[in-house]
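Below is one structure; the comments refer to it alone.
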Amino acid sequence: IDTSGNIQISTMNLNATTTKSILTITSLVVDNAGAYHCVGQIIALLNSEEAMSSSIAVKVLVPPAPVFISINSQPEDPVVGDEFTLVCQFMTLPIFIQYLSITWYHDNTLLTLSNNILVEDSQITTDTLQSNLTIRDAVLSQSGTYSCLATVYNSASTTSSQISI
């Protein structure tokens, strides 16, 4: 095993006769997939050796980019002073849903949450996350392009909606 990268092996003596070795993968990558085999030896007092071994197969799953489902505004044409909500939905494989996050932007600038700008995310099925962006007391400067960016690890998808107030 090449231990110069993200794989480390540490050994510690538990007592006078027992040693423990630990293999740690610090930053998992696809190339780390495969079979790992550990062999230990028992050296008896009469110089006979007995070997013990254990193996494990490591699979590395790479999440696909989230799939865009929908984005819509309620109401569709807000006016000054209205409250409006943008709803954005993305889907991923169920095993990755806990890692799916959605981030909102207004005219390519990350939105800052406040008393008048709220975000509520909810998992609506085993594979779908919905994010609701609510703007209270809308003002003209809040017209523009609203984008939601969905990410799962390093995979991402985005969509946007134009809002005119």
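- Both Tyr36 and Val60 sit in one connected hydrophobic cluster of ILVMFWY residues. Membership requires side-chain heavy atoms under 4.5 Å apart, directly or through other members.
- No option in Leu100, Ile69, Thr126, Ile97 other than Ile69 meets the side-chain contact (heavy atoms from CB on, under 4.5 Å) test with Met91.
- Around CD of Glu76, the count of heavy atoms belonging to other residues, nucleotides or ligands within 6.0 Å does not exceed 12.
- Under the 4.5 Å side-chain criterion, counting only non-hydrogen atoms from C-beta, Leu86 is in contact with Trp104.
- Within a 6.0 Å sphere centred on CD1 of Ile22, heavy atoms belonging to other residues, nucleotides or ligands number more than 12.
- When all heavy atoms of Ser143 and Ile165 are compared, the closest pair comes out as OG-N, 2.8 Å.
- Two residues are said to be in side-chain contact when any heavy atoms from C-beta on lie closer than 4.5 Å; Ile163 and Gln142 fail this criterion.
- Atoms OG and CG, from Ser147 and Asn108 in turn, are 6.0 Å apart once rounded to the nearest 0.5 Å.
- Within the structure, ring-ring contact (aromatic ring centres under 6.0 Å, His included) contacts touching residues 120-149 (residues at least two apart or in different chains) are His106-Tyr146.
- Considering only heavy atoms from C-beta on, Val87 comes within 4.5 Å of Gln130 through its side chain.
- Follow the hydrophobic side-chain contacts under 4.5 Å out from Ile9 and you reach Val58 in the same cluster.
- Cys38 places none of its side-chain heavy atoms less than 4.5 Å from the side chain of Leu23.
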CA sep, side-chain torsions, deciding dist, call: Ser131, Val119, side-chain contact (heavy atoms from CB on, under 4.5 Å): CA-CA 7 Å; Ser131 185; Val119 172; 3.6 Å; yes
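- Within the model, atoms SG of Cys88 and CG of Leu149 stand 9.5 Å from one another, a figure rounded to the nearest 0.5 Å.
- Distance CD1/Ile135 to CD1/Ile117: 4.5 Å, rounded to 0.5 Å.
- Residues passing the side chain to side chain donor-acceptor pair (under 3.5 Å) test with Thr125 are Asp127, Thr128, sequence neighbours excluded.
- In this structure, the side chains of Leu140 and Val80 come closer than 4.5 Å at one or more pairs of heavy atoms.
- Val152 and Pro66 get closest at one heavy-atom pair: CG2-CG, 3.8 Å.
- With rounding to the nearest 0.5 angstrom, the CG atom of Leu133 is 9.5 Å from the OG atom of Ser73.
- Between Cys148 and Thr158 the shortest heavy-atom distance is O-OG1, 3.1 Å.
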Run the numbers on Thr151 and Thr103 for side-chain contact (heavy atoms from CB on, under 4.5 Å), then give the verdict. CA-CA 8 Å; Thr151 55; Thr103 308; 5.5 Å; no
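- Nearest heavy-atom pair, Leu129 versus Ser122, reported as atom, atom and distance to 0.1 Å: CD1-O, 3.4 Å.
- Minimum interatomic distance between Ile102 and Asp121 (heavy atoms only, all atoms of both residues): O-OD2, 4.2 Å.
- Phe90 and Leu110 fall into different hydrophobic clusters, where Ile, Leu, Val, Met, Phe, Trp and Tyr are joined by side-chain heavy atoms under 4.5 Å apart, directly or via other members.
- Remark: Thr134 pairs with Thr85 by the side chain to side chain donor-acceptor pair (under 3.5 Å) rule, at least two apart or across chains.
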